[in-house]
Amino acid sequence: MTARTLMIQGTASHVGKSLLVAALCRVFRDDGLEVAPFKAQNMSLNAFVTADGLEMGRAQASQAAAARLIPSVDMNPILLKPEGGGRVQVVVSGKAAARDQVPSLNELRSVVAGALDRLRAAHDLVVIEGAGSPVEVNLKANDLVNMFVAELADAPVLLVGDIDRGGVFASLLGTLALFEPEERARVRGLVVNKFRGDLAGFASGVEALRERSGLPVVGVVPFLRDLDIPDEDSVALDERRSGRRARPDEIEIAIVRLPALSNHDDFQPLEREPGTVVRYVETPRDLEGADLVMIPGTKTTISDLKWLERSGFADAIVARARRGEPVLGICGGCQMLGTALHDPDGVESTVATATGLGLLPLVTRFARTKRTAQTRLGLAGPSFFGSPSNSTFTGYEIHLGRVDWSASVRPLFAVLSRNGVYAGENGVVHDGAISGDGSVVGTMMHGLFENSAVRHALLDHLRTRRGLPAGRPSEATPPDPYARLASAVRAHLDLPLIRSWLRLPR
């Protein structure tokens, strides 16, 4: 039997659609259904690599975890990754399309339909996420992700508004007013999300929405703090900005907020560590006093390197390294730390050759084929992350730049496998580099700080430099964030009503 479907649309981006989909995936999975998430098209620089080396949106990988599933690109068949200058990389079924070979709208719709059909054939329920607003009237003709999918799946729609940003009545009622009549008929109910304060005090607001929309308010979901779930995209960074400075007994990590910063979810595990302050900084003076400066990944490496130079960050980072103060570069940040970056074919930039910061003896050459891989790693030498041992850990790669090492390079990691395949057929495979004095480290690996041993080794190294006592890693198993999320949503949504739309048994 083909799976039933439920769609979550929102009045705008960042209203909480992704978390609501994750919550419902866990709720229905705990109720005994085989449930899968789906988002036809995602625009995000936070990406995930599947076990078979394919690229998809980070949010759908998190939703798969909520559903207790292994992530599959069928859950997000089209991923758009902004490159700056109005350009967007199109990832179709997990692989980046060449700029002159991007499929047509009809071809992309066929990809979406095929992925959805496969999910529906394998599960009892598919919870579908829309994107942005479904009533952008100038974009509806090319819709791949909102009402096009709702009609394709014949799905009832829950419309979500964010009360925390203000204007929730205008956003919900205005969105309903802009729907075409047949689209409006698909919307079965409203959800008010991110509510702060006493829910009882919003009873009149719920009644006003019911009266003016003619629809039930299926729930008012409270604002949930400190969820240990990766952000969908960089919109969430606007809520962080620089943040507070660390106290004398805390470690401070400053992350340079590059214009095209990608995979910032790399750093969320550090944000949750007690005694650690993570700040996204936008001026060189904000680096002063930080225990560690990180240059993150980026979708436009050479362009962002030029921005480092123009903004004064480059000089500040080089001066810091010469003082022996720690600097860490990840992916594009690692490439910037090298001596040169070459892109003669214009794969990522119109600049054929750029000079790096010169802090690591690495040379980057951009290739037309992207490397996407889940990796298993071991330490190759002593560094921020401790000394080599028998322990291994995981990471993942998403990059077009290939790094060449000189004979003088001190490698950071030994790459043991990629996508489950032994990586050392032609000798030891290494990743990253360590400067001669050990103060500068670079790696192409994302996801490192999801490994508690790597995370705690780095923080203890920084504490030792400051003369602070080492931290005490908790022996307890961390709580399941999806369980907490599902519990809150279960308590505040009218699930029997939703089940009645889907004709699900109680």
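Values below: every heavy atom of this structure, side chains too, minus hydrogens, waters and symmetry copies. Since the structure is predicted, the reported quantities are computational estimates derived from the model, not experimental observations.
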Atom pairs and distances, donor-acceptor, side-chain atoms in residues 357-366, under 3.5 Å, two or more places apart:
unit_1, atom_1, unit_2, atom_2, d
Arg365, NE, Asp404, OD2, 2.9

Problem set entry | Beyond-backbone contact of Leu19 with Leu224, side-chain heavy atoms, under 4.5 angstrom | no
Exercise. If you measure from OG1 on Thr298 to CG on Leu45, what distance do you get to the nearest 0.5 Å?
Worked result: 8.0 Å
Problem set entry | Side-chain heavy atoms of Pro82 within contact of Met43, under 4.5 Å | yes
Exercise. Any donor-acceptor pair under 3.5 Å linking the side chain of Ser487 with the backbone of Arg484?
Worked result: no
Problem set entry | From CD1 (Ile330) to CG (Leu448), nearest 0.5 Å | 6.0 Å
Problem set entry | Any side-chain heavy-atom pair of Leu258 and Ile295 under 4.5 Å | yes
Exercise. Nearest heavy-atom pair of Ala64 and Pro37: which atoms, and what distance?
Worked result: N-CG, 3.8 Å
Problem set entry | Residue from Val191, Val127, Val15, Leu158 passing side chain to side chain contact (heavy atoms under 4.5 Å, CB included) with Leu20 | Val191
Problem set entry | Under 3.5 Å donor-acceptor, Asn76 side chain and Gln60 backbone | no
Exercise. Are Gln41 and Leu80 close enough, and set up right, to give a side chain to side chain contact (heavy atoms under 4.5 Å, CB included), and what steps lead you there?
Worked result: CA-CA 7 Å; Gln41 172 195 294; Leu80 306 180; 3.5 Å; yes
For this session: Determine, step by step, whether Val429 and Arg418 satisfy the side chain to side chain contact (heavy atoms under 4.5 Å, CB included) criterion, reporting the C-alpha distance in whole Å, the side-chain angles of both residues, the deciding distance to 0.1 Å, and the verdict.
Result: CA-CA 10 Å; Val429 176; Arg418 284 191 171 108; 3.9 Å; yes
Exercise. Tell me, which pairs form a salt bridge (charged side-chain N to carboxylate O under 4.0 Å, His left out) where one or both residues lie in residues 328-337, sequence neighbours left out?
Worked result: none
Problem set entry | Atom pair CG/CG of Leu328 and Leu412 - distance to nearest 0.5 Å | 8.5 Å
For this session: Would you check, one step at a time, whether the test salt bridge (Lys or Arg N to Asp or Glu O under 4.0 Å) holds for Asp437 with Arg322?
Result: CA-CA 10 Å; Asp437 66 354; Arg322 287 174 178 164; over 6 Å; no
Problem set entry | Row check, Tyr280 ring normal vs Arg257 NZ/CZ: under 6.0 Å, within 45° | no
Seminar exercise, completed: Between Leu79 and Ala47, the two heavy atoms sitting closest are CD2-CB, 4.1 Å
For this session: Could you list all the ring-ring contact (aromatic ring centres under 6.0 Å, His included) pairs where at least one residue sits in residues 304-330, not counting sequence neighbours?
Result: Trp307-Phe313
For this session: Measure the shortest side-chain to side-chain distance between Val415 and Leu377 over non-hydrogen atoms and say whether it is less than 4.5 angstrom.
Result: yes
For this session: Please confirm whether the backbone N or O of Gly57 pairs with a side-chain atom of Asn42, one donor and one acceptor, at under 3.5 Å?
Result: no
For this session: Rounded to the nearest 0.5 Å, what's the gap from OG1 on Thr464 to CG on Leu459? Could you check?
Result: 10.5 Å
Exercise. Would one find more than 12 heavy atoms of other residues, nucleotides or ligands at under 6.0 Å from atom CZ of Arg368?
Worked result: no
Exercise. Just how far is it from atom CD of Glu288 to atom CD of Glu325, taken to the nearest 0.5 Å?
Worked result: 10.0 Å
Exercise. Are a donor atom and an acceptor atom from the side chains of Glu271 and Gln268 found within less than 3.5 Å of each other?
Worked result: no
Exercise. Would you say the side chain of Asp480 lies within less than 4.5 Å of the side chain of Arg26, judging by non-hydrogen atoms?
Worked result: yes
For this session: Give, for atom CG of Leu485 and atom OG of Ser62, the distance between the pair rounded to the nearest 0.5 Å.
Result: 10.5 Å
For this session: Kindly give the heavy-atom pair with the smallest separation between Glu348 and Asp343, and that separation in Å.
Result: N-OD2, 2.8 Å
For this session: Report the relative orientation of the aromatic rings in Phe48 and Tyr396; use parallel for angles under 30°, tilted for 30 to 60°, perpendicular for over 60°.
Result: tilted
Seminar exercise, completed: salt bridge (charged side-chain N to carboxylate O under 4.0 Å, His left out) pairs touching residues 42-56, sequence neighbours excluded, are Glu55-Lys81, Glu55-Lys370
Exercise. Going by atom types only, do Glu129 and Ser18 share a side-chain donor-acceptor pair under 3.5 Å?
Worked result: yes
For this session: Verify side chain to side chain contact (heavy atoms under 4.5 Å, CB included) between Lys95 and Leu54, making sure each step is shown before the conclusion.
Result: CA-CA 6 Å; Lys95 295 187 177 181; Leu54 300 175; 3.8 Å; yes
Exercise. Among all residues two or more places apart in sequence or in another chain, which pass the side chain to side chain donor-acceptor pair (under 3.5 Å) test with Thr392?
Worked result: Arg376
Exercise. When you measure from the side chain of Arg279 to the backbone N and O of Ala290, does any donor-acceptor pair fall under 3.5 Å?
Worked result: no
For this session: Can you establish whether the number of heavy atoms outside Arg323 located under 6.0 Å from its atom CZ is more than 12?
Result: yes
Problem set entry | Considering all heavy atoms, the nearest Gln89-Ala96 contact | CD-CB, 3.8 Å
For this session: Taking the side chain as every heavy atom from C-beta outward, state whether Arg490 and Asp30 have any pair of such atoms under 4.5 Å apart.
Result: yes
Exercise. How far apart are the closest heavy atoms of Asn46 and His264, and which atoms are they?
Worked result: OD1-N, 3.1 Å
Problem set entry | salt bridge (charged side-chain N to carboxylate O under 4.0 Å, His left out) partners of residues 439-448, not counting sequence neighbours, each pair once | none
Seminar exercise, completed: Of all heavy-atom pairs linking Ser171 and Thr11, the shortest is O-CG2, 3.4 Å
For this session: Consider only side-chain N and O atoms of Glu397 and Thr375, and report whether a donor and an acceptor are under 3.5 Å apart.
Result: no
Seminar exercise, completed: In Asp291, Val293, Val277, Thr276, the residue satisfying side chain to side chain contact (heavy atoms under 4.5 Å, CB included) with Ile253 is Thr276
For this session: Mind checking side chain to side chain donor-acceptor pair (under 3.5 Å) for Asn146 and listing every partner two or more places apart, or none if nothing turns up?
Result: none
Problem set entry | Contact list for residues 438-449, test salt bridge (charged side-chain N to carboxylate O under 4.0 Å, His left out), sequence neighbours left out | none
Seminar exercise, completed: Sorted by chain and residue number, the ring pair (Phe, Tyr, Trp, His ring centres under 6.0 Å) partners of Phe449 (sequence neighbours excluded) come out as none
Considering only distance and modelled atom types, tabulate donor-acceptor pairs under 3.5 Å from the side chains of residues 378-386, sequence neighbours left out.
unit_1, atom_1, unit_2, atom_2, d
Ser383, OG, Phe385, N, 3.1

Seminar exercise, completed: Hits for side chain to side chain donor-acceptor pair (under 3.5 Å) against Asn193, two or more places apart or cross-chain, chain-then-number order -> none
Exercise. Does Glu273 come within less than 4.0 Å of Arg463, counting only side-chain N to carboxylate O?
Worked result: no
Problem set entry | Residues Asp266, Arg58: salt bridge by 4.0 Å N-O rule | no
Exercise. By side chain to side chain donor-acceptor pair (under 3.5 Å), which residues pair with Glu250, not counting sequence neighbours?
Worked result: Arg244, Arg247
Exercise. Between Arg466 and Glu252, is any pair of side-chain heavy atoms under 4.5 Å apart?
Worked result: no
Exercise. Given side chains that start at C-beta, do those of Arg320 and Pro326 come closer than 4.5 Å, heavy atoms only?
Worked result: yes
